[in-house]
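Protein chains get the first letters and strands the later ones, always in sequence-line order, with residue 1 at the start of each. Worth knowing before you read on, the calculation uses all heavy atoms, side chains too, and leaves out hydrogens, waters and symmetry mates.
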Amino acid sequence: MRDVLPEQIPAWERLEGTARRLAHGCGYREIRPALLEETRLFTRSVGEVTDIVQKEMFTLVRGDDSFSLRPEGTAGTVRAYLEAQYHKQAPFQKLYYIGPMFRYERPQKGRERMFTQFGVECIGSTDPRLDAEAIDLAAGFFEALGIPRADGRGGGLEVRLNSMGDGADRDRYRDAVRAFLLPTIAEHCELCRSRFEKNPLRVLDCKNPRCQELNAGAPRILDFLSAENRAHFDAVRASLADLGRDSRVDAGIVRGLDYYTRTVFELHYPKLGARSALCGGGRYDHLVRDLGGPDLGAVGFAIGFTSTLLVLEELGLLGELAAKPADVYVAALDAALAREALQVCAELRRGGLSAVFDAEGRGLKSQFKQADKGRHPLVVVLGPDEHARGAVQLKHMARGEQREVPRGELAAAARAALGS
RNA sequence: GUGAGUGUAGCUCAGUCGGUUAGAGCACCAGAUUGUGGUUCUGGGGGUCGCGGGUUCGAGUCCCGUCACUCACCCCA
């Protein structure tokens with residue numbers, strides 16, 4: 001398990017802050033769904049035969065009850081939506097979340113058992129402009145962090161788009177793929193032969209060169225879309241163009257979760273290699289109905305913070321981030337002034353400043369080193385001579401200037417020194 | 001779940017053919033200045049060599065097991 005340590009918090013706050021700002025800009029409101037759900041919620045929504053449900057859930061069984069840590073955010077969000085009765089009062093809801101997800105698998109670069117996702121779920125409409133808006137929001141998130149757009153040579157961020165059609169389209173497509181593969185399936189790799197049985201569409205994703213040759217000329221899902229779904233897909237692309245957003249149709253995108261319909265998309269940073277997808281999402285027009293509500297359209301995405309941070313690190317975009325230190329470091333010349341140090345800190349805090357004191361018994365020189373290393377802009381020195389006069393020394397570290405100020409004026413003087 | 005790799009100081013790592021007291025750089029602490037930071041110099045502290053077992057006169061080094069982490073596959077954020 002990986003912890004987020006204080007040194008990394010500025011980077012995380014930047015991701016969270018960017019996510020919130022952009023989501024709010026599109027009218028999304030934050031929701032914090034439960035981390036623990038009934039296992040049945042995920043088997044019903046994500047799908048019985050998906051990898052997530054079959055082998056990646058952390059599940060706790062107590063008697064007849066079975067609960068699982070959420071492996072993704074959409075199911076819980078829709079469950080919360082229905083439980084809050086939004087579908088009766090105000091069915092159109094734009095909701096976003098930032099929080100941990102859990103999948104039991106072998107960790108590797110960009111993949112962890114506990115990871116954080118920023119996701120949005122727009123429930124209550126099938127308007128294709130919302131698909132485009134969501135894609136633009138996701139891409140805008142990465143751009144706001146400084147990740148460049150695709151440059152056509154494998155650098156930058158790529159938007160890949162596809163449509164999976166609706167249930168009927170997909171059934172016809174699956175039959176066509178099966179018919180296409182049947183004559184050559186014996187020549188495919190072992191893995192593909194087993195995939196052919198349970199999910200022939202996955203054969204098309206195989207990276208084996210021989211299999212790819214055999215897959216050339218395979219039917220494309222886009223050719224099997226109903227007129228209505230085709231129109232929806234075209235409208236999404238037109239809206240993306242209206243937003244000035246380039247996208248590439250990638251017939252290979254077949255989202256792994258059962259609830260997806262029509263629009264599916266991924267955002268990739270190809271230089272990351274095997275694990276290049278930074279964001280995945282799409283439309284799930286029947287999930288609300290499948291979970292017991294009315295048949296409402298919905299679209300959403302999820303962005304992984306782990307891989308986002310990986311990209312930012314690779315691009316050197318995290319270097320300058322540092323936590324803000326306390327305004328004042330209070331140094332005491334000897335142990336007799338220890339109590340005064342605490343009092344002075346309290347006075348400064350009442351004056352609206354942050355302040356810290358030495359608690360390791362350091363000498364004055366060492367306290368200055370600490371103040372310097374901690375990048376505290378101001379140091380207050382408590383000495384016996386000043387104490388006798390009811391005063392303290394106030395030093396501005398960057399300027400190297402120091403002067404004596406009466407105790408009673410310290411907070412005001414410190415504020416003034418900081419402000420200038 | 002499958003395959004491979006790596007575990008030595010806080011961090012990055014060296015450690016010969018198995019041989020005495022396990023090293024370096026950085027970081028940390030102290031002094032050089034008995035009331036003042038960043039540079040410099042000098043000195044210092046710190047390691048059950050992941051853990052357990054085995055071989056051996058002797059194991060950081062070889063063997064077995066185990067745990068953790070990393071990378072890849074599967075799949076995905």
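Across the strands present, B:G65 finds its partner in B:C51; the criterion is a Watson-Crick or G-U wobble pair with both atom distances under 3.5 angstrom. When Watson-Crick and G-U wobble pairs are counted only if both distances are under 3.5 Å, B:U12 pairs with B:A24. With a cut-off of 3.5 Å on both pairing distances, B:U56 has no Watson-Crick or G-U wobble partner at all. Pairing for B:A77 is absent, judged as Watson-Crick or G-U wobble with the two contacts each under 3.5 Å. A 3.5 Å limit on both hydrogen-bonding distances identifies B:G43 as the Watson-Crick or G-U partner of B:C29. Taking a pair to require two hydrogen-bonding distances under 3.5 Å in either a Watson-Crick or a G-U wobble arrangement, B:A4 pairs with B:U70.
Under a 3.5 Å cut-off, the side chain of A:Ser68 and the backbone N or O of A:Arg70 do not form any donor-acceptor pair.
Taking the charged nitrogens against the carboxylate oxygens, A:Arg172 and A:Asp175 have no contact shorter than 4.0 Å, which rules out a salt bridge.
Set against B:G37, B:A4, B:A30, the side chain of A:Arg106 has B:A4 as its closest nucleotide. With B:C73, B:G35, B:A77 as the candidates, the nucleotide lying closest to the side chain of A:Gln108 is B:C73. Of the candidate nucleotides B:A77, B:U33, B:G35, B:A77 has the atom lying nearest to any side-chain atom of A:Arg103.
You'll find a donor-acceptor pair under 3.5 Å spanning the side chain of A:Glu386 and the base of B:G35, going by distance alone.
By the side chain to side chain donor-acceptor pair (under 3.5 Å) test, A:Glu56 pairs with no residue at all, sequence neighbours left out.
A distance cut-off of 5.5 Å between ring centres, combined with a plane angle under 30°, leaves A:Phe305 outside any stacking arrangement with the base of B:A77.
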